[in-house]
Engineer: 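Structure in structure tokens, see below.
Keep in mind the model is a prediction, meaning the values are calculated, not measured. Numbered from 1 within each chain, the chains take letters A, B, ... in sequence-line order.
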Amino acid sequence: MASSHGNTHSEPAKMEQIITEFFAKSLHIILESRSPYVSSRNNYSGEQVLSSPSPSSSPSSSSFKPRDKWFNLALRDCPAALENIDFWRQSNLEPMIVDVILMQRPNDWDPSSFSPKRGLARNSSGKERYYYGSDNDECGCEAKNEKIIERWVLQYESKKSSGNGGGSSGSKRSSSTSSHALYKKSILLLRSLYATVRLLPAYKLFRDLISSAQIRLYNLGHRVSSFVEPFTHREEADMQRFVFTPVDTSCGRLCLSVLYRSSVLDVSSEPSTPISPQIIPEYVGSPMAEPLKRFPSVPVSQSSPSSSPFGRRHSWSYDLYRASPPSMNPSPSPTYSESHASLSKQRSHRLPPAGLPRHLHDETPAAHMKNPSYDEYSPSPVFSPSPSPSPPPPTYVSGGNITKALLRSESAPVSIPASRLSSMPSLPNNQLMLPSPPMKGTRFTVSKHAAHPGLHQTSSTVDKLFSFSKDEPGKMLGVKPSTNSSPSKSFSRSSSRLSFQDDYDDSEFSGPFIVDEDDMVDPGSRPGSFDLPGHSSIPHEPGGIFPVKKSQDAAVGALVHMLKKAPPLRQDISVTTQLPQGSKLHTLRSCMQDTNETSEEPTSNLSSSGLIASKTTADALEELRGYREMKDLLIMQSKISQA
Amino acid sequence: MNCEVCQLKELEVEHFEIREVLRCILHTIFFHRALGLVRPKDIDLELFEITYVQCGDMELERKIDEKIDQFIDKVEKHPNKKNQICLSFYEVKNKQATWFSNKVERLHWEQWYINLNVTQNPKGHSGKSHLPKVEVNPGDTAAEARRARRTALECSLRDILFQIIRFVNEKRDHVPPIPNLDGVSFPYEITISSSSDSAFGMDMFKRMLQTGHPTMLS
């Protein structure tokens with residue numbers, strides 16, 4: 001009720017506030033049932049034990065958050081919405097256009113290219129954000145099929161000046177009633193919006209996406225902006241419009257309408273693909289699996305010991321090939337997603353290596369052309385460290401719940417990819433110029449590097465070190481565990497993972513780490529065992545809730561797969577699978593090289609690993625020092641051994 | 001006060017579909033009229049590909065189910081009749097006695113009529129009963145017919161939900177101020193009638209008198 005806003009505010013201010021909140025709520029309602037990253041449905045009733053919702057969101061008796069009180073409608077957490085709305089708030093009641101995008105995958109799409117990620121981006125003006133459910137949109141290696149299936153247009157048409165309530169309406173006589181009336185009508189409008197989003201065809205897609213363990217050949221993304229290209233007539237002809245009756249205010253009116261495709265359903269009927277070996281690899285990257293990646297976030301935020309197993313899940317599930325974008329840009333600023341996008345683009349090219357290496361180069365441009373908006377940003381990963389206003393630690397703390405959650409959610413996956421990325425520059429070089437195979441040392445150092453924000457300047461040192469370590473992989477590896485123990489688990493994890501990866505290059509070395517890797521995978525990453533513990537811990541961590549929620553379904557799906565004991569989920573899951581893939585790896589590396597070229601300075605990437613976030617500069621320096629010492633030691637050793 | 005009336009399109013349902021269809025419609029209406037603080041609950045229908053929203057009020061849910069039971073009872077007792085459920089919202093006014101002389105008066109400000117036509121001998125059933133005698137083919141067509149019917153009903157039901165949404169969108173001015181923060185904010189009543197009931201006409205008449213000038217059939 002109107003009573004929820006204080007009497008102290010002037011009438012125009014109240015109205016403006018209502019309007020602003022109306023935008024926020026609308027966006028929340030829409031994305032809550034369109035963005036598969038939030039499971040809006042997991043907690044809708046107690047019957048889903050697995051999804052044991054956080055206390056704050058499930059029982060209706062529970063206390064309502066302040067946000068819930070707006071318009072008397074309590075919604076589930078929706079990070080996507082929260083984040084976008086924070087953004088929008090800075091714009092002065094500009095129109096808000098939410099596009100819901102259906103991304104279909106071809107049947108033969110490459111699994112790794114699909115590893116879902118969330119890219120969000122904005123242009124420099126900060127008015128536009130892209131929020132994709134999966135990165136396939138940037139993937140040039142497949143015929144991408146992307147279409148807007150819904151366009152929500154939310155607009156405040158002011159009669160007078162800009163709708164910021166500059167007091168012009170003070171002259172209105174019945175101003176107090178009008179704010180009450182506005183509020184009531186907004187409530188009514190939002191109720192119908194809430195019901196409507198669930199009746200439109202796209203909802204079925206969303207529901208299938210989040211609620212079934214089946215693999216879907218599509219995903220949903222969304223884009224929030226204040227300006228969009230209008231549809232062509234032909235496009236619009238395929239769409240239907242539903243216009244909600246506008247709410248009149250004393251100085252304007254609130255308009256909400258949706259343009260939607262009524263023929264979305266052909267997609268949803270097809271996608272219930274039978275689980276076949278061919279498809280299984282996708283599962284890891286399937287939308288349902290995506291949440292899993294974000295699991296690590298929870299532990300991280302809690303800084304509980306469990307974080308390591310969780311983190312691990314990540315590593316096997318998707319990072320192998322990933323140059324994860326977040327890592328590059330720890331800053332919460334939207335830009336980082338951009339980097340995400342561009343990187344993943346490249347990554348995707350890289351990934352398909354097995355079948356499609358030749359496509360790699362042709363398709364890159366195509367992808368860019370298709371996503372012009374991304375183009376502008378694609379370089380961002382490289383530069384992001386510098387522009388990002390806040391250094392890692394502040395980042396972590398500063399950005400309210402939302403950013404934190406986002407950050408966290410990505411941080412775990414990030415660390416690994418970062419190291420991976422960082423290793424790329426050197427890897428390809430080695431590959432191409434010096435055929436010397438063993439990369440372990442290299443990677444090791446690199447990953448170390450990644451963990452330390454302060455390190456980037458030392459890249460030269462690293463390189464040196466790197467060349468040494470090459471010769472002494474075993475030693476390097478041996479050092480690793482002890483060294484890493486302090487900085488962070490994920491760090492060590494990443495290094496082990498790397499060494500793991502090495503194994504196919506270097507068959508002579510099949511160290512403990514491989515085993516380690518497998519072991520790690522088991523406890524944490526097995527979806528089945530995973531969910532319960534994960535959830536039990538979640539409710540207490542309000543910030544970390546969202547990432548986890550949705551993954552229930554994913555976990556279940558994963559479990560099913562596991563039970564079926566289908567062929568290896570993905571090449572990188574176990575060593576055995578990977579071994580035969582040496583050739584792939586090569587391709588991968590050359591792809592990585594591409595990445596490097598794009599991102600001119602590998603070190604910049606390194607500097608921004610998500611891990612760093614929690615460390616202070618002092619810590620970093622300290623560690624750097626430690627590493628230097630270690631490096632010296634290693635050099636010495638290698639000299640000795642060479643001698 | 002204005003009383004807005006919404007006559008929902010008639011639905012032809014089989015007996016076993018009554019409950020779900022009614023729940024879906026009633027809860028959807030309530031969701032739009034429970035203007036207090038609610039935590040919505042999404043419910044997927046089992047028979048149809050439709051998701052509707054409840055306002056998450058246990059008491060309301062119980063009452064709705066109760067009324068649906070009554071309705072089903074009635075349908076069983078008086079088959080072959082068109083049945084109607086009326087959901088009305090009112091305000092209680094302690095106004096002076098008019099010549100109708102109720103101290104406590106219910107001022108209805110909105111009425112929803114849900115019209116269900118319960119088919120007694122669904123084609124599907126007859127198909128089934130013949131199944132032993134006849135071969136696969138007729139059974140198939142029966143199943144086919146059933147599926148077609150189901151799809152048609154789903155469409156109609158969806159239409160009705162949109163009808164509700166359109167109605168609540170168009171008619172906002174007559175909704176009284178929200179009295180409190182309880183989820184189900186307005187008093188309401190649900191009545192059941194069937195078209196051949198002589199009482200039905202009477203009931204309508206009374207209600208019209210009570211509520212002033214119903215704007216008929218939206």
Engineer: Give, as side chain, backbone, both or neither, the part of A/Val247 having an atom under 4.5 angstrom from any heavy atom of chain B.
Structural biologist: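 Both the backbone and the side chain of A/Val247 come within 4.5 Å of chain B.
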Engineer: Which class fits the ring pair B/Trp109 and B/Phe186: parallel under 30°, tilted 30 to 60°, perpendicular over 60°?
Structural biologist: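 Taking B/Phe186 first and then B/Trp109, their aromatic rings stand perpendicular (interplane angle over 60°).
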Engineer: Between B/Lys171 and B/Glu110, does at least one N-O distance fall below 4.0 Å, as a salt bridge requires?
Structural biologist: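 B/Glu110 and B/Lys171: not salt-bridged.
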Engineer: Restricting to side chain to side chain donor-acceptor pair (under 3.5 Å), what partner residues turn up for B/Glu154, sequence neighbours left out?
Structural biologist: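 For B/Glu154, no residue satisfies side chain to side chain donor-acceptor pair (under 3.5 Å) once neighbours in sequence are set aside.
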Engineer: Taking side chain to side chain contact (heavy atoms under 4.5 Å, CB included) as the criterion, tell me which of B/Leu47, B/Val21, B/Val13 meets it with B/Leu157.
Structural biologist: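 Looking at B/Leu47, B/Val21, B/Val13, the match for B/Leu157 under the side chain to side chain contact (heavy atoms under 4.5 Å, CB included) is B/Val21.
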Engineer: Between B/Phe31 and chain A, which part of the residue has a heavy atom less than 4.5 Å away: side chain, backbone, both or neither?
Structural biologist: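 For B/Phe31, the contact with chain A is made by backbone and side chain together.
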Engineer: If you count heavy-atom pairs under 4.5 Å with chain A, which of B/Thr28, B/Ile50, B/Leu161, B/Val175 comes out on top?
Structural biologist: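 Most pairs with chain A among the choices: B/Val175.
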